[in-house]
Amino acid sequence: MNPLTCPLTCFSLTTTDHIAHLVLNRPEAMNTMHPTFWRELDEALTHIHKEGQARALVISSTGKHFSAGMALETFSGAIAMDDQSPEGRAAIFDMLADMQATFTKLETLRIPVIAAIQGGCIGGAVDMVTACCIRYATPDTFFCIQEINIGMVADVGTLQRLPKLIPLAVVKELAYTGRRLSAAKALGYGLVNEVFDTPEAMLAGALQCAKEIASKPPVAIWGTKQAIHYTRDHSVDDALKQMGWLQGAIWSNQHVREAVTAMKEKRAGEFSALPPLKFFNEMGL
């Protein structure tokens, strides 16, 4: 994987055997989110998306908590929220749209994203993990829509994505009260896929899942993610039509033959990687 433009300070990023592993690595600050965190996350996701080498992404963390969410000093320092004029309030909209776009990159990434969550997943961290495909937890994991506890509305994706994942009445209870949702209840509601005994076991499980994903044809995984997300937000009829167009675009007899042959021969299949992306505005004449 080509190096990032600048070294990461809030994360570490490695890629091994087609699995990217992004680690929140500021445990002394409970992995809180501030402007540098946001810039680095956006750059790391863009980098993974464009490179095409990774076939799955695991996001894990360090320390007692996965993330305590937005750094509170950010609101009084780096981010100026001007509520004194219509122009200032309009600027709040545009700033939030930019922040929302970073977490949306987790959804639009060409590969599946697995979140391994230990301890507190608070405020903005809930926004973050609800944009991931799969969530694993440990017994001490809890989720908290912290924003209501500090006098504001959650605004970077939780209220839009969480109702797609768990019952609406549960979302309302959590969003109105700021209560904690335990790992056991999150498992029961389907917010997390599995609860592991230890962070080490959880990370091993996440990497194993990523390994299984990475063994499939990358373009078929890409198409599956596209179809699932489209289905979530459209009618069955519309989603079936989209499926026909999608399958017609990416169908590969070669991939099917290789997958079946590899299964019979009890070996790993060999599949073409997704190509690196070059954005139009980066292309020379």
To the nearest 0.5 angstrom, please state how far the [atom1] atom of [X] sits from the [atom2] atom of [Y].
X      : Y      : atom1 : atom2 : answer
Gln53  : Leu274 : CD    : CG    : 11.5 Å
Arg26  : His34  : CZ    : NE2   : 3.5 Å
Met70  : Glu147 : CE    : CD    : 8.5 Å
Arg89  : Asp94  : CZ    : CG    : 14.0 Å
Gln160 : Leu162 : CD    : CG    : 10.0 Å
His234 : Gln242 : NE2   : CD    : 8.0 Å

| task | Check the pair Met128 / Ile59 against side chain to side chain contact (heavy atoms under 4.5 Å, CB included), numbers first and verdict last. | result | CA-CA 10 Å; Met128 182 178 179; Ile59 298 177; 4.0 Å; yes
Give a yes-or-no answer on whether the side chains of [X] and [Y] include a donor-acceptor pair shorter than 3.5 Å.
X      : Y      : answer
Asp237 : Ser235 : no
Thr102 : Asp42  : yes
Asn25  : Ser12  : no

| message | Tell me whether Lys164 is salt-bridged to Asp233, with the criterion being a basic N under 4.0 Å from an acidic carboxylate O. | response | yes
| said: Strictly below 4.0 Å, N to O, side chains only: are Arg267 and Glu258 in salt-bridge contact? | reply: yes
Side-chain heavy atoms nearer than 4.5 Å, only ILVMFWY residues, links allowed to pass through others: does that put [X] and [Y] together?
X      : Y      : answer
Ile166 : Ile117 : yes
Val260 : Val219 : no
Phe271 : Val256 : no
Leu207 : Leu22  : no
Ile111 : Leu41  : yes

| With respect to Arg161, which candidate in Thr104, Thr130, Asp127 satisfies the side chain to side chain donor-acceptor pair (under 3.5 Å) definition? | Thr104
Taking [atom1] in [X] as the centre, count heavy atoms belonging to other residues, nucleotides or ligands within less than 6.0 Å. Is the count above 12?
X      : atom1 : result
Phe93  : CZ    : no
Gln208 : CD    : yes
Asp83  : CG    : yes
Lys216 : NZ    : no
Glu265 : CD    : yes
Lys211 : NZ    : no
Asp17  : CG    : no

Are side-chain heavy atoms of [X] and [Y] found at a separation under 4.5 Å?
X      : Y      : answer
Glu40  : Glu43  : no
Pro112 : Ile134 : no
Ile122 : Phe142 : yes
Ile48  : Thr15  : no
Ile213 : Arg55  : no

| said: Checking His65 against Asn31 for the side chain to side chain contact (heavy atoms under 4.5 Å, CB included) test, could you report, in this order, the C-alpha distance in whole Å, the side-chain angles of both residues, the deciding distance, and whether it holds? | reply: CA-CA 8 Å; His65 297 298; Asn31 297 299; 6.0 Å; no
| request: Run the numbers on Phe11 and Leu24 for side chain to side chain contact (heavy atoms under 4.5 Å, CB included), then give the verdict. | output: CA-CA 5 Å; Phe11 302 88; Leu24 285 65; 3.8 Å; yes
Might you point out which heavy atoms bring [X] and [Y] nearest each other, and give the distance in Å?
X      : Y      : answer
Ile114 : Ala210 : CD1-N, 3.7 Å
Ile250 : Gly223 : CD1-CA, 3.8 Å
Ala154 : Leu159 : O-CD1, 3.5 Å
Met243 : Ala227 : SD-CB, 3.9 Å
Cys144 : Asn149 : SG-ND2, 4.1 Å
Pro217 : His255 : CB-ND1, 4.0 Å

Could you check whether any side-chain N or O of [X] sits under 3.5 Å from a backbone N or O of [Y], counting only pairs where one atom can act as donor and the other as acceptor?
X      : Y      : result
His49  : Arg110 : yes
Gln118 : Pro199 : no
Lys225 : Leu109 : yes
His21  : Leu13  : no

| said: Once you measure the plane-to-plane angle for Phe103 and Trp38, does it fall in the parallel (<30°), tilted (30-60°) or perpendicular (>60°) bin? | reply: tilted
| query | Who are the side-chain contact (heavy atoms from CB on, under 4.5 Å) partners of Asp155, not counting sequence neighbours? | reply | Leu96, Met152
| task | Not counting sequence neighbours, which residues clear side-chain contact (heavy atoms from CB on, under 4.5 Å) with Ala116? List them please. | result | Ser60, Met202, Ala206
Could you pull out all donor-acceptor pairs under 3.5 Å where a side-chain atom in residues 178-191 meets a protein atom, sequence neighbours excluded?
from, atom 1, to, atom 2, distance (Å)
Arg179, NH1, Glu173, OE2, 2.6
Ser182, OG, Lys185, N, 3.2

| field | Test side chain to side chain contact (heavy atoms under 4.5 Å, CB included) applied to Leu246 and Tyr230, step by step | value | CA-CA 11 Å; Leu246 176 62; Tyr230 189 91; over 6 Å; no
